[in-house]
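All values reported here derive from a predicted model rather than from experimental measurement. Letters A, B, ... mirror the listed sequences (proteins, then strands); counts begin at 1.
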Amino acid sequence: MHLYRSHNCGELTSSNVGNTVKLSGWVDRKRDHGGLLFIDLRDHFGVIQIVVDNDNKFFKLCEDTRLESVITVSGKVVKRSDDLINKKLSTGEIEVSIENYIIESSSEILPMPVSGEHDLGEEVRLRNRFLDLRRPSMQKNMLLRSKIISSIRNKMISAGFHEFQTPILTASSPEGARDFLVPSRLNPGKFYALPQAPQQFKQLIMASGFDRYFQIAPCFRDEDARADRSPGEFYQLDMEMAFATQDDVFNTIEPVLSELFSEFSDWKITSNPFPKITFKEAMLKYGTDKPDLRNPLEICDVTEAFLHEKVTFKAFKEQINKGAVVRAVAAFNVVDRPRSFFDKLNAWAQEQGQPGLGYILLSDGEAKGPIGKFLSKESIEIIKKKTETKDGDAIFFICNKVKEAESFAGKARMKIAEDMDIIEKNVFKFCWTVDFPMYELDESTNNIIFSHNPFSMPQGGMEALENKDPLDILAWQYDIICNGVELSSGAIRNHRTDIMEKAFSIAGYTSEDLKSRFGALYNAFKYGAPPHGGIAPGIDRIVMLLANEPNIREVIMFPMNQQAQDLLMDAPSKIENNQLKELSLKVNSIDKLKK
RNA sequence: GGGGAUGUAGCUCAGUUUGGUUAGAGCGCCGGCCUGUCACGCCGGAGGCCGCGGGUUCGAGUCCCGUCAUUCCCGCCA
């Protein structure tokens with residue numbers, strides 16, 4: 001018989017009754033009855049009950065074995081009598097009566113519970129991640145992650161893509177997020193950067209004549225964390241296609257995502273093709289470029305209704321005269337809600353730093369509510385028509401400068417729907433946000449800057465760059481959204497050096513800037529580059545959605561905490577002086593350093 | 001960098017509103033009892049810098065100031 005096991009802890013059934021088996025695993029739980037002792041033995045595959053009588057020579061040893069110790073037992077598989085069957089366990093019809101017992105590795109007193117599902121503090125979980133990961137829910141998440149990645153690889157390969165690795169030690173890129181830097185020993189004073197994404201490499205792969213590239217790519221960005229943003233590093237399904245239009249990219253990635261989501265979830269999924277919403281429309285109707293379409297409420301502009309001469313609502317009128325707009329969120333069938341429903345929303349708005357959340361209630365053909373009395377018949381008609389509301393509905397108003405109004409209306413839309421409990425459940429709602437603007441105005445400097453990726457192809461190409469107002473130019477740039485979570489940005493790239501120079505010059509860069517900052521790409525594109533485009537959905541976020549976890553750390557094996565510290569490995573850590581010396585580095589104000 | 005929440009036993013938390021005897025519970029741990037449990041049960045015990053520092057007070061887990069840590073959000077994330 002094998003040194004450690006003949007079976008795993010999850011596979012034995014009543015068909016094995018009478019067999020002598022050997023099992024290894026962790027002591028999940030013990031129930032000591034003095035004359036009789038039960039051990040729940042757990043491994044990756046399941047849990048099985050081991051039973052020992054007190055006339056067994058191993059009884060005392062079993063009693064003394066601490067939880068989470070690793071043991072090897074052998075014994076006979078015994079059928080449990082009908083009244084002793086445990087239906088919660090797949091192995092619940094049987095148990096193993098031990099004939100031999102070996103402690104492979106005994107456990108000290110645990111710093112946190114392992115068996116059972118407990119709410120535990122993040123810190124203790126991360127510091128003892130190897131224990132945390134033993135818990136069935138974490139085993140399940142990690143397995144899901146593995147299967148998702150494997151499935152993605154299969155789908156991409158069968159769609160004609162090839163996986164290539166790109167460098168981890170590369171050059172710092174001037175655009176985008178803060179880089180993680182790595183000092184070079186052989187080149188004193190110079191630094192590598194970890195890639196924020198393999199963006200330039202994948203475009204170089206296209207310029208190198210490969211047709212369809214993908215990679216489960218590690219990406220590194222030194223930015224602050226969020227619940228859905230792991231600090232430091234994350235993974236993307238990075239992909240790029242030669243001779244591709246925007247629709248080609250959509251038609252390629254949509255089936256991958258929808259098949260993936262239906263493979264790993266029972267929830268309803270948006271059918272292909274996913275709806276496409278322009279950036280402009282998204283900002284108006286949803287107040288964000290990542291609309292959560294599970295929420296049926298929409299925003300619309302009703303500025304016009306408040307301009308009417310008979311409207312006496314000065315608070316809005318004065319702001320409108322200064323250039324503000326009024327956005328409305330219509331909430332259907334809320335007339336019977338208690339006053340507290342509206343008061344709570346108003347209080348919430350004030351917590352958000354707003355003056356409040358004004359509303360009207362349509363009832364008996366009239367507009368009631370705090371703002372109702374200021375409105376004229378005509379203006380109410382305009383509002384009803386624009387918001388498509390009727391008696392029984394309420395309309396909430398937000399008046400502010402366009403950007404602020406959009407953003408707060410977006411928040412209010414979600415908050416109102418949450419309070420109404422009308423956000424659709426158990427469903428994945430996908431959409432594309434398309435037609436992002438190529439440029440935007442930097443409000444602090446009044447300069448025109450790239451609004452997203454400077455390598456996106458402007459819609460209309462050179463002609464648009466030469467003739468249009470830069471702020472009106474759209475880019476072949478798109479995001480894919482699921483339930484309000486941005487899974488990825490992508491773009492059709494600018495593969496023409498002449499259009500690139502023009503595009504950069506509009507944002508205030510000279511052709512020398514372009515060459516020095518993005519020399520490799522610029523150079524490569526001088527010698528014949530295919531039109532190309534791609535996208536890079538975030539793997540961690542996909543797994544998070546499919547695992548239905550609210551926090552991305554639940555689907556990452558060894559995540560860092562919010563301060564970008566690995567509590568298990570104690571990273572980042574101090575290094576020896578001779579290491580610094582070898583790298584020609586000196587650390588300033590060392591007394592300020594923590595620990 | 002800014003804002004909110006939290007910080008009490010190894011773990012999860014109560015106690016803080018209204019300052020007042022020796023700071024409690026469950027799990028875990030140690031000891032005892034228990035032959036059918038499966039979150040086993042029962043009895044007993046150990047375990048506390050109430051995050052840290054300062055202040056107010058006769059007296060501070062509780063009030064005030066500061067600070068640190070964890071977390072969520074804003075900024076940031078082409």
Side-chain angles (χ1 to χ4, degrees), chain A residues 28-42 47-56 59 63-64 66-68 78 80-89 91-93 95 97 107-128 131-132 173-179 196-197 199-200 219-234 351-353 407 411 436 438-440 449-456 475 477 479 486 489-491 493 504 507 517-518 536 538 541 550-551 553 561-563 565 567 594-595:
Chain A
D28 190 63
R29 223 183 277 270
K30 282 190 308 185
R31 289 172 295 280
D32 187 351
H33 291 239
L36 179 72
L37 173 66
F38 300 102
I39 293 175
D40 286 340
L41 187 66
R42 183 196 75 236
V47 175
I48 185 163
Q49 177 164 280
I50 309 297
V51 61
V52 204
D53 279 331
N54 67 353
D55 54 5
N56 190 304
F59 187 81
E63 275 195 314
D64 290 345
R66 279 215 193 87
L67 296 183
E68 293 306 311
V78 182
R80 298 199 200 181
S81 66
D82 287 351
D83 53 327
L84 296 176
I85 287 172
N86 183 348
K87 285 182 179 145
K88 289 187 223 161
L89 239 49
T91 57
E93 290 186 10
E95 60 195 6
S97 175
S107 172
E108 293 188 9
I109 295 167
L110 295 166
M112 56 175 267
V114 173
S115 176
E117 289 297 319
H118 300 87
D119 280 332
L120 296 169
E122 289 265 354
E123 192 176 357
V124 74
R125 291 180 58 199
L126 293 181
R127 203 175 288 285
N128 303 284
L131 294 178
D132 192 34
S173 143
E175 297 289 323
R178 204 175 287 118
D179 283 319
Q196 295 178 23
Q199 182 64 37
Q200 295 193 59
C219 304
F220 306 89
R221 295 178 192 173
D222 188 3
E223 297 294 351
D224 290 347
R226 288 289 183 276
D228 65 350
R229 203 160 87 205
S230 187
E233 53 193 78
F234 60 97
E351 274 167 32
Q352 302 286 311
S407 153
K411 282 185 194 166
F436 278 85
M438 184 81 190
Y439 301 101
E440 64 189 28
I449 55 173
F450 287 113
S451 74
H452 289 85
N453 185 336
F455 301 111
S456 300
Q477 161 101 33
D479 282 1
E486 179 188 319
S489 279
R493 323 292 175 187
F504 273 74
R517 284 160 180 253
F518 305 105
R541 283 190 185 168
N551 190 299
R553 289 185 294 275
N561 70 5
Q562 194 165 47
Q563 276 62 247
Q565 297 160 337
L567 298 175
K594 291 171 190 170
K595 288 178 192 169

Sugar-phosphate, base or nothing in reach of A:Asp83, heavy atoms under 4.0 Å: nothing

Sugar-phosphate only, base, or nothing, as touched by A:Pro454 at under 4.0 Å among non-hydrogen atoms: base

5' priority, RNA chain B, between A:Asn54 and A:Lys411 [closest heavy atom]: A:Asn54

Any donor-acceptor N/O pair under 3.5 Å between B:rG7 base and A:Glu123 side chain: no

From B:rA39, B:rG36, B:rG75, nucleotide with atom closest to A:Lys88 side chain: B:rA39

Sugar-phosphate only, base, or nothing, as touched by A:Gln562 at under 4.0 Å among non-hydrogen atoms: base

Sugar-phosphate, base or nothing in reach of A:Glu117, heavy atoms under 4.0 Å: nothing

Touch class at under 4.0 angstrom, heavy-atom based, for A:Gly92 against every strand present: nothing

A:Gln49 side-chain proximity, nearest of B:rC34, B:rC76, B:rC38: B:rC38

Closest to the A:Arg66 side chain, choosing from B:rG10, B:rU35, B:rC30: B:rC30

A:Arg229 with A:Asp224: basic N within carboxylate O range, under 4.0 Å: no

Base B:rG75 paired with A:Asp224 side chain (donor-acceptor, <3.5 Å): yes

A:Phe38 side-chain proximity, nearest of B:rG36, B:rU71, B:rC34: B:rG36

Selected nucleotide, minimal atom distance to A:Leu67 side chain, candidates B:rC29, B:rC76, B:rC40: B:rC29

Pair of N/O donor and acceptor under 3.5 Å linking B:rU70 base with A:Arg125 side chain: no

Sugar-phosphate only, base, or nothing, as touched by A:Asp119 at under 4.0 Å among non-hydrogen atoms: sugar-phosphate

Given B:rC29, B:rC76, B:rG36, the nucleotide with the shortest approach to the side chain of A:Arg80: B:rG36

Ring geometry between A:Tyr439 and A:Phe450 (parallel below 30°, tilted from 30 to 60°, perpendicular above 60°): parallel

A:Gln565 vs B:rA69: side-chain N/O to OP1/OP2 distance below 4.0 Å: no

A:Gln563 vs B:rU70: side-chain N/O to OP1/OP2 distance below 4.0 Å: yes

Nearest to side-chain heavy atoms of A:Asn453, which nucleotide of B:rA78, B:rC76, B:rU71: B:rA78

side-chain N/O A:Asn551 vs B:rC72 OP1/OP2, d < 4.0 Å: yes

Heavy-atom donor-acceptor pair, A:Arg229 side-chain to B:rC77 base, under 3.5 Å: yes

Within 6.0 Å of CG in A:Asp83, more than 12 heavy atoms from elsewhere: yes

Touch class at under 4.0 angstrom, heavy-atom based, for A:Gln199 against every strand present: base

Closest-nucleotide 5' rank along RNA chain B - winner of A:Arg226 and A:Arg553: A:Arg553

Touch class at under 4.0 angstrom, heavy-atom based, for A:Ser451 against every strand present: sugar-phosphate

Minimum-distance nucleotide (side-chain atoms of A:Asp32 versus B:rA78, B:rG36, B:rC34): B:rC34

Phosphate contact (B:rC40 OP1 or OP2) by A:Lys30 side-chain N/O below 4.0 Å: no

